[in-house]
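Lettering of chains follows the sequences in order, A, B, ..., and the numbering in each one begins at 1. Here the structure is a predicted model, which is why all the values come from computation and not from measurement.
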2 protein chains.
Amino acid sequence: MKPNIQHVAELAQVSKATVSRVLNDNPQVKGEIKERVLRAIEELNYRPSSIARNLATNRTNTIGLILPDITNPYFPVLARGIEDAAHRLGYTLFISNTDNDPKLEQDIIYKMVEQQVGGIVLISSTLDEKTVNDLTSLRTPIVLCDRLIENRPFDAVSIDNYRAAQEAVRYLIGQGHTRIAHLAGPKNIQSAVSRRAGYVDTMLAANLEPFVSVGTFSYESGVHQMGDLIDEYGPTAIFAANDLMALGAMHEIYRRGMRVPEDISIFGCDDIAFCAMSRPMMSTISIPAYQIGVTAVQLLDDKMKGVRSGSKNVILEHKLIHRESCNGVDRK
Amino acid sequence: MKPNIQHVAELAQVSKATVSRVLNDNPQVKGEIKERVLRAIEELNYRPSSIARNLATNRTNTIGLILPDITNPYFPVLARGIEDAAHRLGYTLFISNTDNDPKLEQDIIYKMVEQQVGGIVLISSTLDEKTVNDLTSLRTPIVLCDRLIENRPFDAVSIDNYRAAQEAVRYLIGQGHTRIAHLAGPKNIQSAVSRRAGYVDTMLAANLEPFVSVGTFSYESGVHQMGDLIDEYGPTAIFAANDLMALGAMHEIYRRGMRVPEDISIFGCDDIAFCAMSRPMMSTISIPAYQIGVTAVQLLDDKMKGVRSGSKNVILEHKLIHRESCNGVDRK
DNA sequence: ATGAAAGCGCTAACAC
DNA sequence: GTGTTAGCGCTTTCAT
């Protein structure tokens with residue numbers, strides 16, 4: 001039979017309360033007694049039940065992570081940042097994928113709340129006005145990643161996607177490109193929308209005509225959209241809303257017997273690991289995914305400990321990474 | 001204040017037991033009463049506490065996933081298989097990374113047991129004899145992925161790594177290669193050891209001299225070891241113990257002005273997504289990672305439900321994927 | 001410094 | 001069919 005606190009108490013000839021005190025490092029337990037309890041615990045190979053403890057204290061040491069798809073190479077490093085930070089703070093982490101399905105996402109949030117998670121890190125783009133309001137009444141602290149939200153009691157951490165796109169486009173313009181197309185992400189994903197806006201505005205400001213093709217953030221959509229782009233527009237450079245599509249675009253370019261960057265330059269976004277493994281290596285915007293994760297958990301921890309109320313949007317710095325996939329038109 | 005079952009009972013003018021019954025879909029609650037309870041639940045926006053429920057039933061609907069590093073591209077799809085299957089069966093999933101640190105791994109296992117997880121999916125290679133015995137006394141069902149274990153009450157699911165390596169090497173030999181080197185993985189990782197043995201034995205059986213260089217399974221180690229291999233051995237083909245190293249090797253070959261497969265053929269293992277995105281696309285052994293995950297959870301579920309006792313090793317089928325990174329020597 | 005006892009929110013006999 | 005009641009294993013006043 002699995003030992004409980006009562007068994008330990010009996011073996012050590014003390015009360016349950018005392019056992020509980022040593023379990024919680026309460027300093028007012030006398031050394032000798034503490035020894036006895038510790039020995040009993042050892043002898044019985046006793047492990048306290050955190051379920052029971054949670055029920056008694058009405059707190060759990062768990063947090064939940066809800067994300068679209070761990071299989072998308074951008075997320076594992078974010079998730080790792082979250083896990084590491086959570087672990088460091090003594091939390092264990094629930095994880096669940098949503099595939100960007102709003103209904104599923106809701107269900108998972110509620111399920112995690114039922115599990116009494118202390119807080120939730122939510123990576124979502126499908127949140128509509130109504131859902132957000134429901135969440136507000138939830139009492140469980142939530143922090144959003146990669147999506148800012150105004151006037152809501154949620155913390156959020158992300159980068160400035162608009163400015164990131166702006167820098168990417170300026171970089172391409174600086175190289176002499178004028179026919180720069182944009183491989184955009186889904187219209188319902190906020191980061192994709194911001195990047196697109198940054199692209200369009202920057203093109204316009206430079207008196208260049210924007211040309212956008214919208215994809216799904218997947219590699220396959222990158223190859224497919226790229227084919228269309230070549231047929232319909234003939235760009236000399238592409239700014240893709242994420243690296244996966246950029247990689248797909250590159251693939252299609254080579255498949256058609258052209259080269260990167262000699263014929264077409266490609267610029268991505270995210271800086272997933274493969275960017276440095278592809279040939280040519282992909283120039284891109286580096287997003288501090290790991291740090292976003294760590295920051296999210298810190299914000300959550302503050303909220304859970306009641307250190308801070310109100311909401312806070314933190315914007316982390318991105319970085320333009322110059323590698324091999326872009327080249328000036330003049331050098332052709 | 002957060003509503004509990006008592007509040008619902010009062011509002012619906014029934015007993016807690018009745019509320020509990022409708023919560024658990026007990027059919028013997030009369031329609032009208034059930035309606036009333038449901039309305040009360042709705043009105044109070046009541047969510048049952050699974051903590052309390054778990055304590056009362058002495059079961060939890062959680063399982064734990066312990067893996068080396070979610071950031072390694074092989075693991076996300078395995079994890080996804082596990083999450084999907086867990087979700088389908090009504091479990092929520094804990095996740096934790098170990099970085100292959102045996103001490104940390106132990107701690108995490110115990111921590112999860114304290115959390116009262118119903119079972120654990122463990123992807124580990126560092127398990128020594130003693131640890132395994134400790135785990136045996138744990139009562140919490142454990143299923144191992146990518147590592148078989150003999151005479152232990154653990155289930156395990158994996159592929160036949162020895163045979164996979166054998167097929168890879170035969171494939172290369174079949175193309176006319178004789179100077180085939182092996183980029184091996186860490187010596188303490190079972191799958192790496194089996195692949196190496198499969199390589200060595202198959203080479204010997206063909207009267208070819210094996211040449212192995214041991215790496216760490218990382219991309220960087222692939223580039224580094226490949227440099228040494230070229231300098232010290234001059235292979236015409238490489239069988240790498242995983243794709244990441246294969247990709248690194250490919251990178252180094254191009255950096256030195258040589259080509260794949262024209263100068264050196266590369267064969268990987270795992271079939272991570274990037275194998276189909278690299279140029280040339282990587283030939284490799286496809287491991288059914290998603291299916292391994294799903295199977296692991298099914299085994300765990302059986303054990304947790306007491307359907308089956310004793311242990312079971314299941315071996316899933318791998319597949320040789322022919323792409324572009326290998327070429328016959330005669331065609332050079 | 002230690003113990004007794006009440007409760008955390010739910011389930012599960014058992015009784016009616 | 002529904003209510004009563006006794007726990008599940010722990011924490012936490014409150015006494016002593």
Task: Inter- and intrachain pairs under side chain to side chain donor-acceptor pair (under 3.5 Å), touching residues 294-310 of chain A, at least two apart - done: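 Listed once each, the pairs are A:Y91-A:D301, A:D155-A:R308, A:D301-A:K305.
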Task: Side-chain donor or acceptor of B:S49 paired with backbone N/O of B:A52 under 3.5 Å - done: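 Yes: the side chain of B:S49 pairs with the backbone of B:A52.
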Task: Main-chain N/O of B:D99 paired to B:N97 side chain as donor or acceptor, under 3.5 Å - done: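 Checking the backbone N and O of B:D99 against the side chain of B:N97, no donor-acceptor pair under 3.5 Å is found.
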Task: Length of the CG-P vector between A:N26 and C:dT2, whole Å - done: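 From A:N26 CG to C:dT2 P: 10 Å.
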Open item on the list: Rounding to an integer number of Å, can you tell me how far B:E10 CD sits from D:dG3 P?
Closed with: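 These atoms are roughly 13 Å apart.
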Open item on the list: Can you tell me if A:T18 touches the phosphate of C:dG3, counting only side-chain N or O atoms and a distance under 4.0 Å to OP1 or OP2?
Closed with: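 Yes, such a contact exists.
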Task: side-chain contact (heavy atoms from CB on, under 4.5 Å) between B:Y46 and B:H7, worked out - done: CA-CA 9 Å; B:Y46 164 75; B:H7 300 137; over 6 Å; no
Check ion pair [X]-[Y] (N to O, under 4.0 angstrom):
X: B:D84; Y: B:R80; answer: yes
X: B:E32; Y: B:R36; answer: yes
X: B:D107; Y: B:K111; answer: no

Open item on the list: If only side-chain N and O atoms count, and only distance matters, is there a donor-acceptor pair under 3.5 Å linking A:E83 with B:S96?
Closed with: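 Distance-only check passes for B:S96 and A:E83.
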Open item on the list: I need a per-nucleotide contact map over nucleotides 8-16 of chain D, read 5' to 3'. Cutoff is protein heavy atoms under 4.0 Å; write B for the base, S for backbone only, - otherwise.
Closed with: BBBBBB---
- [ ] Mind grabbing the angle between the end helix axes of the helix from C:dA1-D:dT16 to C:dC16-D:dG1? Five pairs an end, 10° rounding.
- [x]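 Terminal axis comparison yields 30°.
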